[in-house]
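We count ligands from 1, going down the list as the structure has it; atoms in each ligand are counted the same way.
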Amino acid sequence: MSESVVVLGLGLMGRALARTLAEAGHPVTVWNRTPGRAPELDVARAETPAQAVAAARLVIACLLDYPSVYETLDGVDLEGKVLVNLTTGRPSEAREAAGWAAERGAEYLDGGIMAVPQMIGGPGASILYSGSREAFDRYRAVLEPLAVPSHLGEDPGMASLQDLAMLTGMYGQIAGFLQAAALVESQGVGVVEFTQTRLVPWMRSMLELLPAWARDIEAKSYATEVSNLEINASGLVNLARAFEEQGVTTELLAPLRDLMARRVARGHGDQSLSSLFEELHPDLHH
Ligand code: FVH
């Protein structure tokens, strides 16, 4: 069944969404602040956000940030609409936007896109949604061609929370990769060769440990028979010194070294590395 859809924002992501929806057979109406963007798209173009929103019940916003969503929809009649906001933001912003939409008579779904624009409509892309379950169920089939959809709960902030958590994991990996690359490159080792033959297999095997660490965290049980925090803390001191000797900055590594030192100083050196989690919550500190 085809469903009319509005897409607000024709940035890199907005145009990937609009294209995919149009290719899936849905009549798409788009609006972009700067006119003339993405001329190749076979879609209807509205001159104002109000004109666009009037074209369909389902309104997808994919703009720079939440203030730009409010700016765009300021004064637009949203009564009876379903606003799907795929703009990246914080959980608090998503909850506020849900309240804002409700005041205007609209249902609200917040979304976190776990893909780059090139992945939209292809395998491997997923979008996390939270907010109105009813709206999600009603429009699931329309949203499905964009990326695998998952609904994470009625709390509108949940998609953003888990989106940001996944990005946090990604940035941690990137930080580790960059530091490792800088270290080997400082001695003339080829970064490509090192990455392909050593780092990636090693990081993959390290990722296998995460579910067990997650269980430690949920159980608040940090006993370990492998290298404990004290050993790792001294390892990080050694690593940071090696960086300095090689003329590589320790900026990315130093916070982790310092966190470990703090945990050991609090008397938890015999625990697993996963117990560092406790230092990240100001309320905990066991
Ligand atoms: N691109 C990506 O890989 C990531 C993947 C994960 C999700 N993000 C989020 O998606 C939002 C849009 O990202 P984008 O890649 O489309 O971003 P741009 O290409 O920079 O386009 C930005 C659009 O926002 C419009 N815009 C900016 N400010 C305003 C405003 N004050 N009022 C109305 N529209 C505004 C901009 O319009 P224009 O500059 O063409 O006039 C673009 O349409 C974003 O939240 C990512 O974090 C993408």
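Legend: residues meeting side chain to side chain contact (heavy atoms under 4.5 Å, CB included) with Ser275, ordered by chain and number and at least two apart, are Tyr222, Leu229, Arg263, Gln271.
Close approach to Thr87 involves these atoms of ligand 1, each under 4.0 Å from a residue heavy atom: 45 (O). Listed by number with element, the atoms of ligand 1 under 4.0 angstrom from any heavy atom of Gly9 are 43 (O). Listed by number with element, the atoms of ligand 1 under 4.0 angstrom from any heavy atom of Thr72 are 32 (N), 33 (C). Near Arg37, meaning under 4.0 Å from one of its heavy atoms, ligand 1 places the atoms 40 (O).
Here atom 44 (C) of ligand 1 lies nearest to Leu63 when heavy atoms of Leu63, Thr34, Leu8, Leu12 are compared. Which of Val30, Asn32, Asp163 comes nearest to atom 37 (O) of ligand 1 through a heavy atom is settled by distance: it is Asn32.
Using a 4.0 Å cut-off between heavy atoms, Arg15 makes no contact with ligand 1 at all. If you look at Pro67 next to ligand 1, there are no close heavy atoms at all, none under 4.0 Å. With a 4.0 Å cut-off on non-hydrogen atoms, Arg33 touches ligand 1 through its backbone as well as its side chain.
The environment of CZ in Arg45 is crowded: more than 12 heavy-atom neighbours from other residues, nucleotides or ligands sit within 6.0 Å. Around the CZ atom of Arg241, the shell of radius 6.0 Å holds no more than 12 heavy atoms that belong to other residues, nucleotides or ligands. With a 6.0 Å radius and a threshold of 12 heavy atoms from other residues, nucleotides or ligands, Glu218 has its CD atom at or below the threshold. The environment of CG in Asp42 is sparse: at most 12 heavy-atom neighbours from other residues, nucleotides or ligands sit within 6.0 Å.
In this structure, Glu40 pairs ionically with Arg19, as a charged nitrogen and a carboxylate oxygen lie closer than 4.0 Å. Ion pairing between Arg104 and Glu79 fails under the 4.0 Å rule for side-chain N and carboxylate O.
For atom 24 (O) of ligand 1, the closest non-hydrogen atom of the protein is Leu64 N, 3.1 Å. Nearest to atom 5 (C) of ligand 1 among the protein's heavy atoms is Ala115 O, 3.1 Å. From the protein, the heavy atom lying nearest to atom 10 (O) of ligand 1 is Cys62 SG, 3.6 Å. Among all protein heavy atoms, the one lying closest to atom 21 (O) of ligand 1 is Gly11 CA, 3.2 Å. Atom 6 (C) of ligand 1 has its closest protein heavy atom at Ile113 O, 3.5 Å. At the top of the distance list for atom 3 (O) of ligand 1, counting protein heavy atoms only, stands Pro117 CD, 3.2 Å. Annotation: atom 14 (P) of ligand 1 to nearest protein heavy atom, Met13 N, 3.7 Å. The single protein non-hydrogen atom nearest to atom 46 (C) of ligand 1 is Thr88 OG1, 3.6 Å, given as residue, atom name and distance.
Checked by atom type, the side-chain pair Glu134/Ser132 shows no donor-acceptor distance below 3.5 Å.
Of all non-hydrogen atoms in Gly89 and Tyr66, the two that sit nearest each other are CA-CE1, 3.3 Å. Shown here for Gln51 and Ala46, the closest heavy-atom pair between the two residues is OE1-CA, 3.3 Å.
The ring of His151 has its center closer than 6.0 angstrom to the ring center of Phe136.
The closest approach between Leu10 and ligand 1 falls below 4.0 Å for a heavy atom of the residue.
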